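Labels below follow one simple rule: chain letters A, B, ... track the order of the sequence lines, proteins then strands, and each chain is numbered from 1. Because the structure is a prediction, the values reported are computed rather than measured.
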Number of protein chains: 2
Amino acid sequence: MGKGNDHKARFAEDGHDHRRCIAEALETADALCARRGVRLTKLRRRVLELVWTSHAPIGAYDVLRRLSQEHDGAAPPTVYRALDFLREQGLVHRIESLNAFVGCADPAEAHTSQFLICQDCGAAAELQDPAINRALARSAGSLGFLVKDKTVELRGLCAHCRESGA
Amino acid sequence: MGKGNDHKARFAEDGHDHRRCIAEALETADALCARRGVRLTKLRRRVLELVWTSHAPIGAYDVLRRLSQEHDGAAPPTVYRALDFLREQGLVHRIESLNAFVGCADPAEAHTSQFLICQDCGAAAELQDPAINRALARSAGSLGFLVKDKTVELRGLCAHCRESGA
DNA sequence: ATTCAATGGTTATAGTATACTATTACTGTT
DNA sequence: AACAGTAATAGTATACTATAACCATTGAAT
């Protein structure tokens, strides 16, 4: 990921080499888990890889269907446990409005993100816009509300689908 | 529903007369549906009333359980259909992160809201903060993203629970 | 009165998530 | 080697959330 402007995520380019995305995500995860002394087991790593199949959030049961093809006896808890671990480590995010999961673009440190989700191509872009977080903090603060967790999800059309569609 | 400062919602006061909240919500709904020429049937009205049981979002199946006690043959579709109607009319909102529904504080016109949800007392406060919407619009706009729908939900502790708790 | 669309009843099923119990595998210790 | 402690996984069942599909009824407008 770049140097400046890190908070300004983008939708993946149309013809981008997605195998690179996957490989990078897995490398980063390996390094991160090693550093933290937590175990990115084969199963967890494979689930992470499946989540990274595309930039579109994927349902837990879609992960399960794929996992089942190679892993006898995979059951819902198999997947949910792995996803729970990956979420704790910040490696995947849950998209509440879709009941689905997406790989984290920048898992190095804890953060709150915002998501732009394209209703046409399904892809999700992760933002970390300080201005949004400031506005949220101000509003909550003025009511004396102590924020523990945020969900910010905007659904619509990404620039690319917007052009090709209408 | 004052005049100025309308966008600044509040958590309901501790000892507030909640029967008033319910009565007002139902009156508003009656008037609104009459004006729009849509039918707030007995069933829909009762579901709305059940959603307004408290300021905490309520699950569809909780609504169903209560409805069943007085309405033979109530089934999931009974409730979901009513909730769909109420949502279309802006009378209730869905809280994505809870899979639950809450009465709209100000249903007169379409709007996008933000929610503060207390993890202790369960209550949800609905905000309509232009600053938040501006920040979201700017961020999405800078990526060429066309926003159709927003989910903004902050979970944490309301001022009251914050004091009594810690 | 007739008709057509909206509403609701009924049954079945899809989709999402967790509780609970048991087992395995890896640690360090004796 | 035997053991205990812990983390991870397996396996089963069930809870919870939501929709599909089909039919009967209602009710408002012509």
Side-chain angles (χ1 to χ4, degrees), chain A residues 29-30 33-34 36-51 56-89 91-102 122 151 153, chain B residues 29-30 33-51 56-89 91-102 122 151 153 155:
Chain A
D30 285 332
C33 289
R36 290 176 183 162
V38 297
R39 295 171 56 203
L40 186 62
T41 62
K42 209 180 146 190
L43 180 63
R44 289 164 173 177
R45 198 172 188 278
R46 179 60 180 142
V47 168
L48 179 59
E49 194 176 7
L50 288 171
V51 169
I58 183 174
Y61 279 71
D62 288 331
V63 173
L64 177 56
R65 263 185 288 279
R66 292 172 188 243
L67 192 63
S68 297
Q69 294 172 6
E70 64 200 45
H71 182 99
D72 270 10
T78 314
V79 169
Y80 279 102
R81 280 190 290 248
L83 288 172
D84 285 345
F85 170 85
L86 295 170
R87 280 208 284 163
E88 280 163 16
Q89 299 304 321
L91 294 165
V92 310
H93 293 292
R94 176 181 161 81
I95 306 297
E96 302 291 345
S97 59
L98 298 178
N99 294 336
F101 302 84
V102 70
T151 296
E153 298 168 6
Chain B
D30 285 333
C33 290
R35 172 143 41 97
R36 291 177 182 162
V38 296
R39 296 171 55 204
L40 186 62
T41 63
K42 210 180 146 190
L43 180 63
R44 289 164 171 176
R45 197 171 189 279
R46 180 59 180 143
V47 169
L48 178 59
E49 193 176 7
L50 287 171
V51 168
I58 184 174
Y61 279 72
D62 288 331
V63 173
L64 177 56
R65 263 184 287 278
R66 290 172 189 243
L67 191 63
S68 297
Q69 294 172 5
E70 65 200 45
H71 183 98
D72 269 10
T78 314
V79 170
Y80 280 102
R81 282 195 285 242
L83 288 172
D84 286 345
F85 169 85
L86 295 170
R87 280 208 284 163
E88 280 163 16
Q89 298 304 321
L91 295 165
V92 311
H93 293 292
R94 176 180 160 81
I95 306 297
E96 302 291 344
S97 59
L98 298 177
N99 293 338
F101 302 84
V102 70
T151 296
E153 298 169 5
R155 288 167 299 287

Atom-to-atom span, CG of B:Leu64 to C1' of C:dT11 - whole angstrom = 14 Å
ask   = Salt-bridged, A:Arg81 to A:Asp84, with N to O below 4.0 Å?
value = no
remark   = Whole-Å distance, A:Leu83 CG to C:dT16 P, equals 12 Å
inquiry  = More than 12 heavy atoms of other residues, nucleotides or ligands under 6.0 Å from CZ of A:Arg66: yes or no?
reply    = no
task = Round to a whole Å and report the spacing from CD of B:Glu96 to C1' of D:dC16.
result = 16 Å
task = Let me know, please, whether B:Arg94 or A:Ala82 comes out on the 5' side of the other along DNA chain D by nearest nucleotide.
result = A:Ala82
request  = Would you mind reading off the distance between A:Leu67 atom CG and D:dG11 atom P, rounded to a whole angstrom?
outcome  = 12 Å
query = Under 4.5 Å between any side-chain heavy atoms of B:His71 and B:Arg46, yes or no?
reply = no
request  = By nearest nucleotide on DNA chain D, pick out whichever of B:Asn99 and A:Ala75 is the more 5' one.
outcome  = A:Ala75
message = Would you say B:Thr151 and B:Arg94 are linked by a side-chain donor-acceptor pair, where the criterion is simply a distance under 3.5 Å?
response = no
key: Side chain to side chain, A:Leu83 and A:Val51, heavy atoms closer than 4.5 Å   = yes
inquiry  = Which is more 5' along DNA chain C, the nucleotide nearest B:Asp72 or the one nearest A:Arg65? Just name the residue.
reply    = B:Asp72
query = Taking the side chain of B:His71 as heavy atoms from C-beta outward, which of C:dT7, D:dA18, C:dG9 is closest to it?
reply = C:dG9
Proximity to the side chain of A:Pro77 - top-ranked nucleotide from C:dT11, C:dT18, C:dG8 = C:dT18
remark   = Picking from D:dA7, D:dT9, D:dA18, the nucleotide nearest the side-chain atoms of A:Arg39 would be D:dA7
task = Could you tell me the separation between the CG atom of B:Asp84 and the C1' atom of D:dA20, rounded to a whole number of Å?
result = 13 Å
message = Please determine whether any donor N or O and acceptor N or O are separated by less than 3.5 Å between the side chain of B:Arg81 and the base of C:dG9.
response = yes
note = Quick note, B:Thr41 side chain, CB onward, closest among D:dT19, D:dA10, C:dT7 is C:dT7
task = Would you mind reading off the distance between A:Tyr80 atom OH and C:dC20 atom P, rounded to a whole angstrom?
result = 18 Å
task = Nearest whole angstrom, please: distance from the P of D:dC16 to the OH of A:Tyr61.
result = 14 Å
key: Integer-rounded Å distance: D:dA8 C1' and A:Glu88 CD   = 13 Å
